[in-house]
Number of protein chains: 2
Amino acid sequence: MSRRERPRSSPTIGDVAKAAGVSTATAARALGGYGAVSPAVRDRVAAAAEQLGYRRNSLARSMITGTTHTIGLVVADIENPFFARAARGVADVAHAAGYEVLLVNSDEDPATERAAVRTLFEKRVDGLIIAPASTDVGSHLGELPKRGTPIVLLDRVVPGIEADAIVVDNERAARGAIGHLVGLGHRRIALLTSQGLIHTNQMRLAGYLQGLELAGILVDERLIRMAEYTREAAVRETVSVLALDDPATAIFTTDNLMSLGAFEGAQRAGRAVPEEVSIVGFDDLEWTTIVRPPLTVVAQPVNELGAAAARRLLARLAGDDGPPRTLTLETTFIVRGSTGPAPVHATG
Amino acid sequence: MSRRERPRSSPTIGDVAKAAGVSTATAARALGGYGAVSPAVRDRVAAAAEQLGYRRNSLARSMITGTTHTIGLVVADIENPFFARAARGVADVAHAAGYEVLLVNSDEDPATERAAVRTLFEKRVDGLIIAPASTDVGSHLGELPKRGTPIVLLDRVVPGIEADAIVVDNERAARGAIGHLVGLGHRRIALLTSQGLIHTNQMRLAGYLQGLELAGILVDERLIRMAEYTREAAVRETVSVLALDDPATAIFTTDNLMSLGAFEGAQRAGRAVPEEVSIVGFDDLEWTTIVRPPLTVVAQPVNELGAAAARRLLARLAGDDGPPRTLTLETTFIVRGSTGPAPVHATG
DNA sequence: GCTGTGGTTGGGAACGTTCTCACAAGTCGC
DNA sequence: GCGACTTGTGAGAACGTTCCCAACCACAGC
């Protein structure tokens, strides 16, 4: 109890060096595994470190090396299963490569996002994976690559920015979904999306419109619903679109929360699925197979989306300085029981 | 283009000071908002910082101040909605107080957890919130508080450790759920939980046993199922427990994944819920109200669990050094359509 | 015996901040 | 008009590590 110099601060590499009877430089080499150290000294230092309970200070290390082995991840809301899955994909790949993940929720708010990016940069993350909230050229996003911090865009692209991106072909996926419904004879197809059109939803809307056009169906604006981003609002819009004089016979939703709302809305409106109304959801969550009928969906490789983003970022950190690449992953259209032939009285 | 000294490294406070014609100490005071600086100098420094695009280096700052404004969060799996919600609760409270969250998945693996705790400590997080995988006295957990890094246990307690904990009364919740089923006349009540009993599940098992004992029901070990932690395994165990000569008339599950499996298992076994088998789930997720029948559940205040953990940790960081406290939050028992009277032929 | 070589080791600078201290220039009270 | 206090400023140490470089040693080659 007599040799305590600092009461409750961690021992430093200097303390270890002193205990082992070597210089700090040598102790650092022994513990850091770089440079040349004789086996005898290495063991002596290791023993001293063990005995003192030495833990390296990454902060000091990062100051010198210029790398923190930390990547920033900015998503809208980790509570949303889509982002949770993507985050898991990111974390797994990052962790395997010795990186940790600093997580921030932006709630789709550009101001929050901007502040988050700034904070993450001040913490000197080695790179950033971000699902950008706004599609306008965020100066805060362009700034980092210029300073040498690579960015990978997750799920959404920002036109003006020079950065890698991992996305799916939302336009094509949506067009395909509409094609499926058209093939079943539907002509009154509603779109249920959320207000404040984020990039992916814009693309899905575009795909919806293209799908209609390909089928020669005129757009009915009353069938395009942009709900507040809550389950209850989605339910209301669904009930409303099913209560039209000429109601929708099919509903295409643009994400998992809207799918949930559409499903519940059909239940609440007392419409049989798929006899009276077909539903196509976006994202394949666990529940889609235990509801009755099970949900037809556009499934995204969500986990892989995150994993690919992390791999891309790691490649940049490893020195890849080629031109920005956009990687487009494939979606899968899974037909289940929630889509069926359009009701007879509503077609032709 | 002529005055660039470092090509693509961020300007330092020294660069700002030089540009503003003051010392680094003064520039630091002006930008850091501490000490005394004259308004004129403050403006001059701010202008120089703005013009150079100065961003403070938190690493260097943390070295001096000894605080990183970062907290570590170790959960089993961020993809699990339970942890995603808790993480959101943590992140919101932390963010409001100016803290960021470093997230690690442990996959319930003690070795991974141990390594994570070590890494987080090396990165000098100010504190740690952890849902510990193992209930044995983790030396890696005891270590940190001794070094002055506070820990808050989330959702699970570790008996030997001196740390705050935020939990729910799992024993009582489980006992109550069993009581509900007993009250409906059930005497063949199965328990569906997962292998490698984590702390919460041990408590829920204990509550289950107590519930049976209170009702004077003898334990039938064939009704206690510990599935591999996958949906498919949960389905199999459910089908199996419903295929007994004297099958279960009710199933109580110990978490949301097991609930999903039980629900699907009943479907696959062709048993009507609740006419032939009642189901009580643990955790109230979005899907529980859109399946038919909707699920009776023990609902936990998951988000609040995380938020409370963060508040507790912040209190510690603010200097609270009272004895460790365990905060027990209330669960809610929500009766929906998945529980009903026991089938006549199976009772008394 | 002198020089060269390769493996070890230590001294000290560097990273970018904050903090402590000393000092200069006012300001106030008497 | 002099000490005590306040306010603003700068010099330099400190945080704990890594990196650069010089020095040392042993040994081989000539």
Side-chain angles (χ1 to χ4, degrees), chain A residues 5-6 8-46 48-49 52-69 119 121-124 126 147-148, chain B residues 5-46 48-49 52-70 119 121-124 126 147-148:
Chain A
E5 300 199 35
R6 306 191 192 78
R8 54 168 47 232
S9 176
S10 274
T12 73
I13 213 166
D15 298 334
V16 173
K18 204 173 297 172
V22 295
S23 71
T24 58
T26 302
R29 274 189 291 258
L31 294 171
Y34 58 93
V37 191
S38 69
V41 168
R42 188 189 311 276
D43 292 350
R44 202 142 42 96
V45 171
L52 290 176
Y54 171 74
R55 292 282 180 277
R56 132 163 79 206
N57 185 330
S58 293
L59 260 40
R61 172 171 227 252
S62 294
M63 285 224 57
I64 302 293
T65 62
T67 165
T68 53
H69 276 75
T119 303
F121 178 73
E122 291 189 349
K123 287 193 191 293
R124 293 300 191 264
D126 290 342
R147 290 168 185 258
Chain B
E5 301 199 35
R6 307 192 193 75
R8 54 169 44 235
S9 177
S10 274
T12 72
I13 214 167
D15 298 334
V16 174
K18 204 174 297 175
V22 295
S23 69
T24 58
T26 301
R29 273 189 290 258
L31 293 171
Y34 59 94
V37 191
S38 69
V41 168
R42 188 189 311 275
D43 292 350
R44 201 139 46 92
V45 171
L52 290 175
Y54 170 76
R55 292 283 179 276
R56 134 162 77 205
N57 184 332
S58 294
L59 259 41
R61 172 171 228 253
S62 294
M63 285 223 56
I64 301 293
T65 61
T67 167
T68 53
H69 277 76
T70 303
T119 303
F121 178 73
E122 291 189 350
K123 287 192 191 294
R124 293 297 191 267
D126 290 342
R147 291 168 185 259

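Quick caveat: nothing in here was measured; it's all calculated off a predicted structure. Labels below follow one simple rule: chain letters A, B, ... track the order of the sequence lines, proteins then strands, and each chain is numbered from 1.
Both B:Gly14 and A:Val41 lie close to DNA chain C; mapped to their nearest nucleotides by heavy-atom distance, the more 5′-ward contact belongs to A:Val41. Checking B:Ser38 against A:Ile64, the closest nucleotide of DNA chain D that is more toward the 5' end is the one next to B:Ser38.
A straight line from CZ of B:Arg61 to C1' of D:dA14 spans 16 Å, rounded to a whole angstrom. Spacing between atom CZ of B:Arg55 and atom P of C:dC15 amounts to 21 Å, rounded to whole angstrom units. Nucleotide D:dA11 holds its P atom 13 Å from the NZ atom of B:Lys18, rounded to whole Å. Between A:Leu59 atom CG and C:dT18 atom P there is a gap of 13 Å when expressed in whole angstrom units. Following rounding to the nearest Å, B:Arg56 (CZ) and C:dG16 (C1') show an atom-to-atom distance of 12 Å. With rounding to whole Å, A:Met63 atom CE is found 9 Å from C:dC15 atom P. Rounded to a whole Å, the CG atom of A:Asn57 is 18 Å from the P atom of D:dA14. As a whole-Å value, the separation of A:Tyr34 OH from D:dC20 P is 11 Å.
Checking A:Arg124 against A:Thr68 by side-chain atom types alone, no donor-acceptor pair falls below 3.5 Å. Using modelled atom types, one finds a donor on one side chain and an acceptor on the other under 3.5 Å when comparing A:Lys123 with B:Thr70.
With D:dT18, C:dT18, C:dG11 as the candidates, the nucleotide lying closest to the side chain of B:Ile13 is C:dT18. Across D:dC19, C:dT18, D:dG10, the shortest atom-to-atom separation from the side chain of B:Val22 is found for D:dG10. Among the nucleotides C:dT9, C:dG16, D:dG8, the one closest to any side-chain atom of A:Thr26 is C:dT9. Distance from the side chain of B:Ala36 is smallest to D:dG8 among D:dT9, D:dG8, D:dT17.
Side chain of B:Arg42 to backbone of B:Val37: a donor-acceptor contact under 3.5 angstrom is found. For the pair B:Asp15 (side chain) and B:Thr12 (backbone), a donor-acceptor distance under 3.5 Å is present.
Residue B:Arg29 is in base contact, counting any heavy-atom pair closer than 4.0 Å across all strands shown.
For C:dT17, the OP1/OP2 oxygens have a side-chain nitrogen or oxygen of B:Tyr54 closer than 4.0 Å.
Applying the salt bridge (charged side-chain N to carboxylate O under 4.0 Å, His left out) test to every pair with at least one member in residues 54-64 of chain A, sequence neighbours left out, gives these pairs: A:Arg55-B:Glu143.
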